[in-house]
> 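Got a structure for you, questions after.
Here the structure is a predicted model, which means the values were calculated and not measured. So that the names make sense, note that chain A is the first sequence line, chain B the second, and so on, each numbered from 1. Every heavy atom of this structure was used, including side-chain atoms; hydrogens, water molecules and symmetry mates were not.
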Amino acid sequence: MPRYQPSRIEPKWQEWWESHETFATPRLPSPGGRKAYVLDMFPYPSGDGLHVGHPEGYTATDIVARFERMRGTCVMHPMGFDAFGLPAEEHAIRTGTPPRESTERNIATFRRQLKMLGFSYDWSREVATTDPAYVRWTQWIFLVLFDTWFDPEAQRGRPIAELPIPADVAAAGEPAVARFRDAHRLAYQSEAPVNWCPALGTVLANEEVIGGVSERGGHPVVRIPLRQWMLRITAYADRLDRELDDLAWPESIKKLQRDWIGRSTGAEVDFFLPPADAHADAFAAWKQARAAGGFPAAPGDDVLRVYTTRPDTLYGVTFMVLAPEHPLVDRLTRPEHRAAVSAYQEAAARKSDLDRTDLAREKTGVFTGASAIHPLTGRPVPIWIADYVLATYGTGGIMAVPAHDDRDFEFATTFGLEVVTVVEPADGAETAAGTLFTGRGRAVQSGPYTGLDTATFIARVATDLADAGQGRPAVNYKLRDWLFSRQRFWGEPFPILHELDAAGEPTGRVRPVEEASLPVPLPPLADFKPGDSPDPPLSRAGHDWLFVEREGVRYRRETNTMPQWAGSCWYYLRFLDPANTDRFLDPEVERAWMPVDLYVGGAEHAVLHLLYARFWHKVLFDRGHVSCREPFGRLVNQGMILGEMEFTGYRAATGGWISADRRSPADTPVRLPAEQVEKQGEHFVLRDMPTVRVESRAHKMSKSRGNVVNPDQVVRDFGADSLRLYEMFMGPLEATKPWSTSGVGGVRTFLERCWRLVVDERADALEPASQLCDDPPTDGQLRELHRMIDKVTRDIQALSFNTAIARMMEFVNFCTPLDRRPRAILEPFVTVLAPFAPHLAEELWEVLGRAAPVSLAQWPTVEERWLHDDTVEIPVQVQGKLRGRIVVPTDADPAAMQAAAVADPRIAELLAGKTVAKVVAVPGRLINFVLASPGTTS
RNA sequence: GCCGGAGUGGCGGAAUGGCAGACGCGGCGGACUCAAAAUCCGUUGCCCGCAAGGGCGUGUGGGUUCAAGUCCCACCUCCGGCACCA
């Protein structure tokens, strides 16, 4: 009668934990005790509900949190919702439902599903980024960014009030000072060209544009100039790079971040631009002025400044290239080239990123008719414009060295420009003139530098250029400043006011909303439809929201909103002190819990979320609001869960089967049941037609493919403990792995075996199995128990849950046949099972007559003495091939092992008449007899 | 193109340079049953052999080593990311 019934026991224990506040975390960890902050990347509550991918990471952290709790650690394990997001906004536009309504509904679904899985979150700490009490502090942090400038000397952010004002700025009066400050804030406005997506009615960040179309929806994107809020993340580029060093993150993630930051070192070099009516000695005069005055901070109009990582190739410069948007292009272009240049510029502006990057890699460009003077040789160098040079990187212009840069080489080849070799491979290999060599080596045809190796050349020419005032060492980053505003109505409003003049026009002056007035609420909107201009939807809000007065001056609110990233940049801090109305986080609480000890989430956030959150954290650190430089100590990315393995055959248009390796896009895929398929050698083929190969693979879950697994359904069919356990048993946490419904059945069977180990299934009432007894356990049972505990303990710490579960299965396999099952081994087993299958463990604990909850029971201690055997079985190899086994004392030395091995009749026979050249005996592991090869004497 | 990661039975996977395939799914056999399901027990890499036993096996080809899934070199395939950053 009392079968294992998850549908009965799971809700029961979830209610028990909730009513007993089993997982409530105190404000501060107990003094002197250990703390663990175990964090999941909180989800975006989409309308589809939880996906089976979510519980993977959540179960992993839940096991760690429960395990640590049982070991007496004070555990912080919160959950919340990253609830601003485009889908709610699109839903509002489609249906007219206010986004807050649908969002709250979705959160309720997510919360129900998460609770259904028995995660041990402290739900009293739940936060949603859309909650006005949360938005208040997101806006407050924006004001911290607005109030901060980056001091490059100190390499840290400081209050804007401490920004030194140059004398000439101060002399120009208060508006100039304000402008100077605004230009140095970490949050600033910019008129830069942005990715405007007409279909979505918004501007997108570079990283939201994939191959020229929007990441969401794949709509076309065009570049237009628009006033935007930017965050000066580039100021922190160096620290974001260097301070990765000490983090316990996967090296691959660190590398991803480093590559994204893209630090490179090289030099800036000025090429003199002679005026049209220049005297022959204009260059000499310029050189003299530079030698006296040094290298200016800003290039000025008389030079073309370029950035290069290879100043050692200066003598190989045969032309220069400017981005079409480069500010000097118009002035440089000679009248006879004006038409072509303008046409090219217009075409480039119209081109989407797709056209500029993906299609036909062929280089395009036009000649401006102008030349610059090479700083070392004094020779004129023609100036071109081409869209392979980016306006937004370096100085927007390059010195082209076609012999040693593949892009320049391609351009030179296309337009028949000169190629001059100035570097040869260091190994002296011959290079034909006019060929490409991008490696490092030795300089040739390089004036006084000829013969130098690349590194020496770079160091020396940098010094020489600096002395001559013609160049300086420079560092550049691929990382761009963070485009932080969106033209959306479902996001945090900026706490910023724009001053208006008497005519109601903006004066360009802004003021922050005072802290006491936060949060700036989202205004109610009558209509959610996007406009056809890039004007933000909030500009259509009622005037009582839009216009405010301060000290007799009228202001218009900022109508952009923050991107979804904003809320997720600091939620891990708010969890620590979620109800605080006085500050965003109590410093005492922050010092006690930070940093996060374990952070688990999807690899899709490897770059952006983690980089943005680190950036905000560093600013908060610089401004004294948090105590550590880095927020996340140990980071782990869970892998993706794919759909069930599928076999796909292909039918040709004529109707016949076509082998998967010879199919064309015109053939129709047909999903095949496993029975129609068999493996033949390397490939799967049709069982009835073995010449036809069949594709076998698992695909990403997607609605269109129809292979999405719904957690509600799995819980209904198998129970939450089975879902948890299966997701952990599938394979390594970090790996991508396919779903298998029969695999879920397998772990369900295991849980039923656990149940029967303790419960008498044939009794009428819920009572212990008849085999349960109070016998003292045998040595063999204790050995089995302690080895299991030891392995599971170590595996949880290594996040190797699949092997931990395998070991528990072995333990159950060991116990099942026992006619008498000592309580003294079953009870510790139930405690070890508890973090993995908490509902079942609680129920079994109760059946065993112990006081609930097992969730807070003590984790069993491993008794070392049961981990070691007196004797050990050791393989015996002859010539590296396994030929027998011997049993020897565990501490047997090589001589004893050898004696035991030769005493084995089979081994003795194999060695008879042979010369043993060498014996390799590894105590406790193996023994190998190496024979002298025939004809060799030893 | 560049940068990661991965290739092990029919499938998911396990293995500090030391007995390849733990554990699970699936398969096969048995016990229980009138029968089936459930359960319990056994078995299950491939090939030869009645057996004892032998041979071959971790994507491919080389190498280091007494010993390689594991280390080194070259290559192939799949998955993920980046993509003119001078």
> Could you check how far CD of A:E752 sits from C1' of B:rC40, rounded to whole Å?
14 Å

> What nucleic acid atoms does A:R748 come within less than 4.0 Å of, heavy atoms only: base, sugar-phosphate, or nothing?
nothing

> Write down the partner of B:rC25 under the Watson-Crick or G-U wobble criteria, each distance required to be under 3.5 Å.
B:rG10

> How would you label the contact of A:G262 with the nucleic acid (heavy atoms, under 4.0 Å): base, sugar-phosphate, or nothing?
nothing

> Taking atom CD of A:E909 as the centre, does the number of heavy atoms from other residues, nucleotides or ligands within less than 6.0 Å exceed 12?
no

> Taking pairing as Watson-Crick or G-U wobble with both contacts under 3.5 Å, can you name the mate of B:rG18, or confirm there isn't one?
B:rC66

> Say you pick atom C1' in B:rG54 and the same atom in B:rG61; how far apart are they, in whole Å?
27 Å

> What nucleic acid atoms does A:R756 come within less than 4.0 Å of, heavy atoms only: base, sugar-phosphate, or nothing?
sugar-phosphate

> Distance check needed: B:rG10 C1' versus A:Q676 CD, whole Å only.
17 Å

> If we call it a pair only when both distances are under 3.5 Å in a Watson-Crick or G-U wobble match, what pairs with B:rC82?
B:rG1

> From C-beta outward on A:T803, which listed nucleotide comes closest to its side chain: B:rA14, B:rA86, B:rC41?
B:rA14

> At under 4.0 Å between heavy atoms, what does A:R753 touch on the DNA or RNA strands: base, sugar-phosphate, or nothing?
sugar-phosphate

> Using only modelled atom types and a 3.5 angstrom limit, is any donor from either the side chain of A:K255 or the base of B:rC3 paired with an acceptor on the other?
no

> For A:D408, report the nucleic acid contact type (base, sugar-phosphate, nothing); a contact means any heavy atom under 4.0 Å.
nothing

> Could you tell me how far B:rA67 sits from B:rC78 if I compare only their C1' atoms? Round to whole Å.
31 Å

> Write down the partner of B:rA74 under the Watson-Crick or G-U wobble criteria, each distance required to be under 3.5 Å.
B:rU60

> Report the distance from atom CG of A:L882 to atom C1' of B:rG18, rounded to the nearest whole Å.
11 Å

> Does any part of the side chain of A:L723, heavy atoms only, come nearer than 4.5 Å to the side chain of A:V744, both counted from C-beta?
no

